[in-house]
Each structure stands twice: as structure tokens, then as C-alpha cells.
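Reviewing the structure listed below.
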Protein chains: 2
Amino acid sequence: MTRAMTEQPTRKTLPRLDESLLTHLPPFSRLEKRQIRTILDQASSRRYEAGVAVFNEGDSAERFYMLLDGYVRVVRITPTGEQVTALHIPAGQLLGIAKAIGRETYPATAMTATESIVLSWPTSLWDTFVAEYDGFATETYKTLGHRVGEMNTRIVELATQQVEQRVANAILRLINQTGRKVEGGIEIDFPITRQDLSELTATTLHTVSRLLSGWEKRGLVESKRKRIKVCDPHALVVLSQG
Amino acid sequence: MTRAMTEQPTRKTLPRLDESLLTHLPPFSRLEKRQIRTILDQASSRRYEAGVAVFNEGDSAERFYMLLDGYVRVVRITPTGEQVTALHIPAGQLLGIAKAIGRETYPATAMTATESIVLSWPTSLWDTFVAEYDGFATETYKTLGHRVGEMNTRIVELATQQVEQRVANAILRLINQTGRKVEGGIEIDFPITRQDLSELTATTLHTVSRLLSGWEKRGLVESKRKRIKVCDPHALVVLSQG
DNA sequence: CGAAGTATTGAGGACGGTCAATCCTCGTGG
DNA sequence: CCACGAGGATTGACCGTCCTCAATACTTCG
């Protein structure tokens with residue numbers, strides 16, 4: 001299913017980013033304040049609307065990024081224009097790290113799922129970061145390992161599970177990563193459409209809609225436009241196991 | 001393929017592995033003969049039957065491996081015992097490189113698809129290899145990047161393509177990687193069952209069988225037990241695009 | 001208020017999975 | 001050398017899941 005994609009404006013160097021932005025993030029956590037200062041001074045910062053591309057599949061990998069706030073979907077677009085979400089990236093992680101896997105171009109497109117704040121550095125600094133900053137390499141490779149694991153899981157799910165289970169799993173994962181306790185359940189704390197869910201689970205928005213309607217009748221979830229609240233997580237877990 | 005080889009059940013340090021085994025393989029190609037000698041002297045060599053596990057998902061990653069000859073499938077096994085093939089690894093590549101992605105355990109099981117010859121080193125040597133051997137790190141991360149790309153492709157395929165296209169794609173990939181020209185076409189040069197293909201493409205052996213029968217009637221392929229010969233690759237490509 | 005994006009729901013049917021029976025191929029051991 | 005058994009392959013019948021097509025309604029925003 002083809003979707004519209006809006007273009008987005010300028011990158012800018014903010015006056016004095018605060019060190020505390022990075023100190024608690026794994027790739028930088030072992031560094032001294034002075035080093036973090038240097039890193040921040042080389043960074044560009046930028047805010048993105050929801051639903052825009054941070055970079056596109058095939059672009060030459062000129063920068064790498066740290067997602068400070070928000071949520072990014074890593075998607076691939078098929079020749080026929082369908083989007084497939086390969087991965088979700090939460091705040092606090094690096095993205096666009098093509099250099100780490102020996103690539104010159106980005107292997108997929110990164111789209112913001114919500115409004116997001118992103119730092120970025122030119123890829124030419126990558127080798128310096130790896131060489132000079134203790135723990136940076138180790139942590140980024142851990143991130144990579146985690147993502148490989150997720151992709152593996154996704155492959156297994158797609159290969160063996162029914163649509164209902166995949167959708168249940170996707171929702172559970174979302175509330176684990178970004179769930180917010182609200183009265184009467186846990187809510188996915190950013191706007192997500194049936195279409196988004198269908199791209200996550202390789203089905204159609206129609207099927208997702210039918211499933212959610214059914215679950216709502218049975219009291220498992222409540223949902224309004226772009227909002228999903230899980231009322232009975234345990235029942236969802238049961239469903240997700242088949 | 002090295003079919004006839006002496007029995008060699010346990011791992012052992014062979015008398016004098018020849019340097020030429022490694023000199024042309026990317027991770028080692030920039031090294032001097034002397035360095036390769038050292039590397040080989042630290043290696044264990046072992047022969048595996050077809051269809052056995054080199055290591056298992058979840059095992060602590062005590063060694064990393066170089067596949068010298070043969071073919072390995074990286075599979076995951078679901079709670080219900082189904083196998084899903086996530087990746088295929090041809091001779092000349094490293095495997096079991098959990099350390100490269102910051103893991104202590106193997107994320108999947110590696111099963112030989114054919115009789116295979118494998119070198120291995122204790123994971124404790126990993127850091128030394130990365131530090132001392134020029135190009136080793138770069139090349140292994142390229143391999144990793146390539147695998148991530150493959151996994152991505154697989155996700156997209158599973159998410160968007162019909163079974164017929166997936167099976168066609170799988171066969172095309174296999175003949176690209178391991179095809180051998182024979183009279184009247186190209187043959188996958190190791191034994192592969194309908195079951196194997198079905199695990200590669202997330203379908204059932206019945207469906208694969210039906211597809212191959214149909215293609216055979218139309219002259220696209222010929223197949224006997226465990227053997228598949230592609231007679232009209234172009235037609236398969238057309239099929240694979242839908 | 002209109003327009004665009006989002007969601008719901010029904011009807012129909014194809015793809016491909018399940019069940020089941022049969023046949024073929026190959027290796028083993030008598 | 002032949003018989004047997006096990007693993008592999010083929011094919012048919014049936015049917016459920018989920019996709020496609022289609023119509024309609026709701027929500028938000030300019």
C-alpha cells in the first residue's frame with residue numbers, strides 16, 4: 001500500500017546541548033564529561049515531525065544518528081510501493097550505523113513514528129568514535145546484536161504464526177517498549193493506525209481492524225482512532241501463543 | 001565438493017593445515033604467510049556429516065568458526081518444533097561470530113546441509129584477531145552487513161510475496177550461490193529435499209512438491225530425489241517477480 | 001463545510017495448509 | 001542379489017484463513 005511522504009526542512013546546530021543528554025546512554029556512558037562535550041560540539045540536532053524520513057534506503061550513508069526522543073520505524077519499500085516494517089527503534093539508540101556493518105549506503109529507510117529529536121554526526125567521525133571512546137564500539141555492536149535477534153524473531157513469526165498471533169505479539173511488544181499505564185489498562189503511548197500495525201505484521205489494515213473489533217467486543221482492548229489500550233494483557237499473551 | 005574423505009569424528013588439530021586454505025578468504029587475505037601460519041596453528045579442524053549441528057541456539061559461544069567446505073543452514077526452532085531457516089552460509093565464510101555482536105550465546109543453530117569441513121578457534125582469541133590482523137574486523141563486519149541485508153530481504157519476501165514467488169526466489173538464490181552447470185541447465189550442487197525448501201520459504205513440503213511438479217511439466221526445471229536442475233532460469237526469474 | 005485520512009463491516013473467493021493414501025528411491029542386511 | 005524398510009515425493013480432496021473488492025461512516029482540520 002503506498003503512502004504519502006512529506007518533505008522536511010533544516011538541520012541546525014543547537015546552542016549548547018546539555019551533556020546529560022548522552023551521559024546515561026550506553027554508547028557514551030563510560031565517557032568523561034569532557035569527551036561528551038567534544039562529541040556534542042560535533043553533533044547536529046534536529047527535530048522531525050511524525051511520519052517523515054530521517055534517511056532513505058540506498059542513500060549514501062553520510063551521517064549516523066542518535067535518537068534522543070521519539071520513535072523510529074525502519075521500513076523497506078517494495079517495488080510495488082508496499083511498506084514493510086523491519087524494526088522499531090526506541091529513544092536512546094543509534095541508527096543509520098551503516099558504517100558499522102561495512103556499508104556505504106543505508107540498507108533501509110528510517111521513518112519517524114512520532115515527533116522525534118535526533119542528533120547526528122558525519123560518518124567520517126565514525127572511526128574516531130570507535131577508536132577513541134571506550135565502550136562505544138562494544139555497545140554499538142551489542143545494539144546490532146539485539147537488532148539481529150529481533151529480525152530473527154520476526155522471520156520466525158512471519159514463517160510460523162497466524163495473523164492473529166502476529167498482531168497480538170506486535171501489540172504486546174509495543175506496550176512493552178512504550179506502554180503507558182492509564183486508567184483501565186496500558187496504552188501505546190504514540191498514535192498508531194491500523195495501517196501501521198498491518199505493516200508491522202504483514203497483513204492488511206482490514207484484517208487488523210476486524211481483529212481489534214473482535215478483541216474489543218471481548219473486552220481485551222479498547223481503541224479509538226490511532227489509540228490502542230490493552231485492558232487484559234494476559235489474554236493477549238494467551239492469544240499470541242496460539 | 002569434497003565427498004570422499006577419511007573418517008574424522010572428533011575435533012582435532014591436523015598436522016599442518018596448508019596456508020592456501022585461508023590466503024584467499026577475505027578475512028585473512030591481507031595477512032602475511034607467517035600470520036596465517038600462526039592462525040592455523042591455533043585452529044582446530046573438523047569434518048561434519050550432512051545434517052548435524054555445528055552449534056546450537058543458546059549454547060554459550062565458546063568457539064567461532066570458518067566454513068572451509070560445504071554448506072551450512074542457520075536455523076531457528078520454534079517451541080512446536082518447526083524449523084525455520086534464517087540464512088544460508090556458503091564455504092569461505094565465518095560463522096558463530098556471536099562475539100562480533102556482543103553476545104555470549106549463539107542466537108541460532110547452525111546445521112550442515114552437506115558434509116562440511118570447518119575450522120574453529122576459541123572465542124577468547126576473537127579480540128586478538130580483531131586487534132592484530134589487518135582487515136579481519138572490517139571483513140567480518142562486512143559479512144555481518146551482508147547477512148543483515150539478507151535477513152531484511154527475507155522479511156520483505158515473507159511479508160509481501162506469494163509462496164510461488166518465494167520458492168522461485170529461493171531456488172534462484174541457491175543456484176546463484178552454489179549452482180553448477182550441467183548439461184541442459186544449472187543444478188543445485190548439493191542434495192536438497194522438498195522439506196528443506198519448505199523450511200527456507202515458510203511453506204509446506206506438499207506445496208513445494210506441487211510447485212516443482214507444475215514447473216517440471218512446463219519445462220522450467222527437472223528434479224529427482226534431492227536434486228533440482230533449473231532448465232529455464234529466466235522463466236523462473238519472471239515467476240519470482242510475480 | 002468539504003476534504004482527506006482513518007476505521008468498520010460485509011460478501012466472495014483464492015491461496016495454500018491439513019489429512020491421507022500411494023508410490024518411488026535408496027541403502028542395508030540377510 | 002533380492003527383500004525390506006525408511007525416508008522422500010506425489011497427488012487428490014477438502015476447507016479455513018485471510019486477502020480483495022466494495023460500500024459506508026467517523027474524525028479531524030483547514
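Order of the sequence lines fixes the chain letters, A, B, ..., with proteins taken first and strands second; residue numbering starts at 1 for each chain.
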Considering all heavy atoms, the nearest B/Met151-A/Val148 contact: CE-O, 3.5 Å

A/Gln161 CD - C/dG17 P separation (whole Å): 15 Å

A/Gln195 CD to D/dC19 P, straight-line distance once rounded to whole Å: 13 Å

Distance below 4.0 Å between B/Thr207 side-chain N/O and C/dG17 OP1 or OP2: yes

Euclidean distance, atom CG of residue B/Leu205 to atom C1' of D/dG7 [Å, nearest integer]: 11 Å

Pair B/Ser223-B/Arg194, side-chain donor/acceptor within less than 3.5 Å: yes

Gap between atoms CD and P, on A/Glu222 and C/dA7 respectively (whole Å): 16 Å

Plane angle bin for A/Tyr71 and A/Phe190 - parallel if under 30°, tilted between 30 and 60°, otherwise perpendicular: tilted

Distance-only donor-acceptor check, side chains B/Ser240 and B/Arg173, under 3.5 Å: no

Gap between atoms CD and C1', on B/Glu216 and C/dC24 respectively (whole Å): 14 Å

Whole-Å distance separating the CD1 atom of A/Ile192 from the P atom of C/dG5: 19 Å

Check: B/Thr123 side chain, B/Glu62 main-chain N or O, donor-acceptor pair, under 3.5 Å: yes

Between C/dG16 (P) and A/Gln162 (CD): distance, integer Å: 14 Å

B/Thr193 side chain near D/dG8 phosphate (N/O to OP1/OP2, under 4.0 Å): no

Heavy atoms of other groups near B/Gln177 CD, more than 12 under 6.0 Å: yes

Shortest side-chain distance from A/Ser213, nucleotide among D/dA9, C/dG17, C/dT9: C/dT9

A/Arg76 side chain to A/Ala86 backbone, donor-acceptor under 3.5 Å: no

Options C/dT9, D/dT11, C/dT6, nucleotide nearest the side-chain atoms of B/Arg210: D/dT11

Nucleotide D/dG8, atom C1' - distance to CG of B/Asp196 in whole Å: 11 Å

Check: A/His206 side chain, D/dT20 base, donor-acceptor under 3.5 Å: no

Residues, nucleotides or ligands: over 12 heavy atoms within 6.0 Å of A/His88 NE2: yes

From A/Ile171 atom CD1 to A/Ile186 atom CD1, the distance as rounded to the nearest 0.5 Å: 12.5 Å

hbond_proxy A/Arg194 side chain to C/dG5 base (donor-acceptor, 3.5 Å cutoff): no

Sugar-phosphate only, base, or nothing, as touched by A/Ser209 at under 4.0 Å among non-hydrogen atoms: base

Heavy-atom donor-acceptor pair, A/Lys229 side chain to A/Lys224 backbone, under 3.5 Å: no

Within residues 223-233 of chain A: residues closer than 4.0 Å to DNA chain C (heavy atoms): A/Arg225, A/Lys226

Pairing stems for DNA chain C [at least three consecutive pairs; Watson-Crick or G-U; under 3.5 angstrom]: C:1-30 with D:1-30

